[in-house]
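Just so it is clear: chains get the letters A, B, ... in the order the sequence lines come, proteins before strands, and each one is counted from 1.
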Number of protein chains: 2
Amino acid sequence: MGTVMERQTSQRHEIRRAFERTHRPLGAQEVLDIAGKRLPKLGIATVYRAINQLVEEGWLVTVKLPGEPTCKYELANKGHHHHFHCNDCGKVYDVDGCPGGLSDMVPDGFSLQGHDLVLYGQCDTCEKTAPR
Amino acid sequence: MGTVMERQTSQRHEIRRAFERTHRPLGAQEVLDIAGKRLPKLGIATVYRAINQLVEEGWLVTVKLPGEPTCKYELANKGHHHHFHCNDCGKVYDVDGCPGGLSDMVPDGFSLQGHDLVLYGQCDTCEKTAPR
DNA sequence: ATGATATTGATAATTCATTATCAACAAGTA
DNA sequence: TACTTGTTGATAATGAATTATCAATATCAT
């Protein structure tokens with residue numbers, strides 16, 4: 001006793017499962033939609049609590065996307081990568097690689113600590129559906 | 001009569017002036033801060049009304065920044081460029097240049113139509129204030 | 001200058017995401 | 001099994017940005 005214990009619950013299990021099986025960044029509401037299919041009584045408050053915990057313990061990281069007012073989350077164990085945002089279906093895909101020459105763009109006197117890059121276009125699925 | 005007329009007001013003039021003189025994307029509150037120095041009674045509602053008008057007539061464009069829940073605005077007549085977001089003061093600066101090799105990152109079957117890049121770090125002002 | 005009306009400013013209302021509350025529930029231990 | 005207490009779910013509360021309201025004001029054609 002004396003030690004704070006963390007209990008294993010089906011809710012937290014399903015929330016983690018949602019991230020493990022969906023290979024794109026998810027927002028709180030999306031997590032509720034996905035995990036809620038297996039746990040119909042799951043509440044949004046529990047999702048927020050779980051996400052905050054998972055971020056705190058380093059299992060999730062926040063994903064900031066331009067134009068998305070609320071941030072999404074994804075597994076932390078992915079390496080540095082960027083995202084491809086499909087203009088048609090709105091889904092966000094992980095992409096590997098990283099552009100070079102960023103430090104050349106930094107103004108004098110500024111220090112570069114990080115960067116975000118989002119590619120826009122059509123994903124392969126939408127490319128077939130509505131070729132242009 | 002019959003024609004809708006748009007009147008020239010000092011408020012709208014000062015709001016446009018804020019964008020013309022500040023070479024970085026501005027949010028509504030920032031516009032109020034800047035234009036409000038010359039028009040102390042300027043209200044935030046007027047700023048929102050003016051911004052919405054200017055976007056509608058194509059004089060401003062929205063700037064979507066990752067992690068910024070609220071979007072900012074800048075002159076539409078700037079060419080393609082990116083932004084530097086100061087982690088300390090939160091200001092956003094324009095930067096020239098554009099990284100190459102983006103098309104190499106695009107997955108097979110995907111088509112690239114555009115991209116957003118945001119650099120993060122410390123601006124020159126914050127660099128001096130809190131060097132690290 | 002006058003009048004019609006577009007515009008403003010103060011603020012109430014709205015919207016939405018997130019957090020707090022708290023009684024009911026359930027995981028884990030003895 | 002029974003008990004302790006961490007966890008949940010429904011919802012109220014909060015916070016922040018944006019929009020609506022409306023009387024007062026200012027612009028512009030006449």
N or O in side chain of B/R12 less than 4.0 angstrom from C/dT8 OP1/OP2: yes
Sugar-phosphate, base or nothing in reach of B/R49, heavy atoms under 4.0 Å: base
Separation of B/H83 NE2 from B/D116 CG (nearest 0.5 Å): 9.0 Å
Minimum heavy-atom distance between A/H82 and A/G97, given as atom pair plus value: CD2-O, 3.6 Å
Under 3.5 Å: donor-acceptor pair, side chain of B/R12, backbone of B/R7: yes
Parallel, tilted or perpendicular: rings of A/F19 and A/Y73 (30°, 60°): perpendicular
Most 5' of B/N52 and A/S10 on DNA chain D, judged by nearest nucleotide: A/S10
Under-4.0 Å side-chain N/O to phosphate OP1/OP2 contact, A/T9 with C/dA27: no
Phosphate OP1/OP2 of D/dG9 contacted by A/Q11 side-chain N/O (<4.0 Å): yes
Distance in angstrom units between A/H13 NE2 and C/dG28 P, rounded: 12 Å
Distance-only donor-acceptor check, side chains A/Q29 and A/D33, under 3.5 Å: yes
Shared hydrophobic cluster, B/V47 / B/W59 (ILVMFWY, side-chain heavy atoms < 4.5 Å): yes
Length of the line joining B/E68:CD and D/dA16:P, which is rounded to integer Å: 15 Å
Lys/Arg N to Asp/Glu carboxylate O, B/D94 vs B/K78, below 4.0 Å: yes
Length of the CD-C1' vector between B/Q53 and D/dT19, whole Å: 14 Å
Polar atom pairs between nucleotides 3-5 of chain C and protein, under 3.5 Å, N or O only, would you list them?
{"from": "C/dT5", "atom 1": "O2", "to": "B/R7", "atom 2": "NH1", "distance (Å)": "2.9"}
{"from": "C/dT5", "atom 1": "O2", "to": "B/R7", "atom 2": "NH2", "distance (Å)": "3.0"}

Shortest non-hydrogen contact between B/S111 and A/F84, atoms and distance: O-CZ, 3.5 Å
Nucleotide D/dC28, atom C1' - distance to CD of B/E6 in whole Å: 14 Å
A/Q8 CD to D/dT7 C1', straight-line distance once rounded to whole Å: 12 Å
Near-strand residues of residues 26-45 of chain A, defined as heavy-atom separation under 4.0 angstrom from DNA chain D: A/K41, A/L42, A/G43, A/A45
side-chain N/O A/Y48 vs C/dT18 OP1/OP2, d < 4.0 Å: yes
Length of the CD1-P vector between A/I15 and D/dT8, whole Å: 7 Å
Spacing of B/D124 atom CG and A/D108 atom CG [to the nearest 0.5 Å]: 9.0 Å
